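We use all heavy atoms of the structure for the numbers below, so side chains are in, but hydrogens, waters and symmetry mates are not. For clarity, every value in this text was computed on a predicted model and none was experimentally measured.
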Amino acid sequence: MNAYDPDTSLDSRTILASEGVSARWLAGLARIERSEAADPVIQKLQRGIRSLPLGAARDLLHGRPLGHPVHPVLVQVPIGCWLSAAVMDVMPAGRRAATTLTAVGLAGIAPAAITGWVDWADLPPEQARVGLTHAVANVATVALFAASLTARLRHHTGRGRLWSLGGLVAVGITGALGGHVAYRQAVGAWPAD
């Protein structure tokens with residue numbers, strides 16, 4: 001029942017509301033994990049990526065010399081730049097810095113994406129399905145920040161800020177998807193030698 005209970009504390013109501021959101025999020029992810037609709041595309045992409053003649057570079061891209069995947073390390077560059085750009089957007093003299101940070105964040109996408117695709121190519125179907133959703137959300141994120149940079153370079157600062165805010169929402173969603181793959185589905189947790 002959703003009736004208001006005055007004896008329930010604000011903290012308890014907040015927890016109950018967040019549990020509902022969390023349950024819906026996890027139910028949605030479970031549907032993605034079970035859906036076989038994209039499997040033919042996933043299998044073809046995975047085979048293609050695994051067939052690339054990367055040699056020893058494949059282990060570097062996986063982060064094996066570090067003892068853990070390198071993709072989560074590399075995503076910090078674009079995410080950090082874009083969050084910093086948002087901070088600079090609210091500073092009186094931060095316009096130029098926000099534009100620069102947006103551009104650097106976009107430049108940092110390539111290494112993060114390459115390592116992500118190499119890791120993704122080895123995932124089993126349930127994880128690969130969520131991983132593909134993560135990648136599609138990343139494309140939307142990059143498009144939003146590219147639109148932000150374009151607007152900023154054309155001196156449409158307000159539009160650039162709005163595109164950037166949309167990009168930050170997309171970063172949150174795609175980060176949650178990536179976190180689900182990495183932590184809830186335990187991808188990247190390598191056994192100790």
Side-chain angles (χ1 to χ4, degrees), residues 18 21-22 24-26 28-29 32-33 45 49 57 60-123 127-154 156-190:
S18 68
V21 170
S22 179
R24 286 191 300 275
W25 172 257
L26 292 174
L29 290 172
I32 294 169
E33 291 170 4
L45 283 170
I49 293 167
L60 289 173
L61 293 169
H62 278 301
R64 296 222 191 275
L66 296 173
H68 58 79
V70 72
H71 174 70
V73 174
L74 294 178
V75 300
Q76 301 310 307
V77 172
I79 293 170
C81 286
W82 294 334
L83 285 171
S84 297
V87 171
M88 296 311 298
D89 274 338
V90 298
M91 303 300 287
R95 184 181 304 171
R96 178 178 278 164
T99 300
T100 301
L101 287 163
T102 301
V104 172
L106 286 166
I109 286 297
I114 291 167
T115 57
W117 281 111
V118 170
D119 288 343
W120 176 83
D122 295 330
L123 296 181
Q127 289 92 343
R129 293 171 189 142
V130 178
L132 183 62
T133 306
H134 170 68
V136 169
N138 281 328
V139 170
T141 300
V142 169
L144 289 163
F145 279 106
S148 173
L149 181 61
T150 300
R152 291 169 189 276
L153 291 174
R154 292 182 178 166
H156 301 294
T157 307
R159 284 188 210 151
R161 289 176 178 168
L162 287 174
W163 285 115
S164 183
L165 287 174
L168 287 175
V169 170
V171 161
I173 292 167
T174 194
L177 289 164
H180 181 80
V181 172
Y183 300 109
R184 186 147 178 114
Q185 294 180 319
V187 170
W190 298 337

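Without hydrogens or angle criteria, Arg161 side chain to Asp89 main chain gives a donor-acceptor distance under 3.5 Å. Checked by atom type and distance alone, the side chain of Thr115 pairs as donor or acceptor with a backbone atom of Pro111 at under 3.5 Å.
Taking both residues in full, the closest heavy atoms of Pro65 and Leu60 are given as CG-CD2, 3.6 Å, listed atom of the first, atom of the second, then distance. Nearest heavy-atom pair, Gly105 versus Pro78, reported as atom, atom and distance to 0.1 Å: O-CB, 3.3 Å. Heavy atoms only, all atoms of each residue included: Leu177 and Ala137 are closest at CD1-CB, 4.1 Å. Scanning both residues, Leu123 and Val181, for their nearest heavy atoms gives CD1-CG1, 4.2 Å.
Here OG of Ser164 is found 9.0 Å from CG of Leu83. Values are rounded to the nearest 0.5 Å. Rounding to the nearest 0.5 Å places CG of Leu149 at 10.5 Å from CZ of Arg154.
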For the pair Leu101 and Val87, evaluate side chain to side chain contact (heavy atoms under 4.5 Å, CB included) and give the outcome as yes or no after the intermediate values. CA-CA 10 Å; Leu101 287 163; Val87 171; over 6 Å; no
For Leu144 and Leu168, what are the C-alpha separation, side-chain angles and deciding distance, and is it a side chain to side chain contact (heavy atoms under 4.5 Å, CB included)? CA-CA 9 Å; Leu144 289 163; Leu168 287 175; over 6 Å; no
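For residues 136-151, the pairs satisfying side chain to side chain donor-acceptor pair (under 3.5 Å) are His134-Asn138, Asn138-Thr174, Ser148-Arg152, with sequence neighbours left out. Every pair passing ring pair (Phe, Tyr, Trp, His ring centres under 6.0 Å) that includes a residue from residues 69-90 is listed here, sequence neighbours excluded: Trp82-Phe145.
The shortest distance between side-chain heavy atoms of Asp122 and His62 falls below 4.5 Å. You'll find the side chain of Asp119 stays beyond 4.5 Å of the side chain of Val70, heavy atoms only. By the 4.5 Å heavy-atom criterion applied to side chains, His180 and Leu26 are counted as neighbours.
Here Trp117 pairs with Trp120 under the ring pair (Phe, Tyr, Trp, His ring centres under 6.0 Å) rule; sequence neighbours left out.
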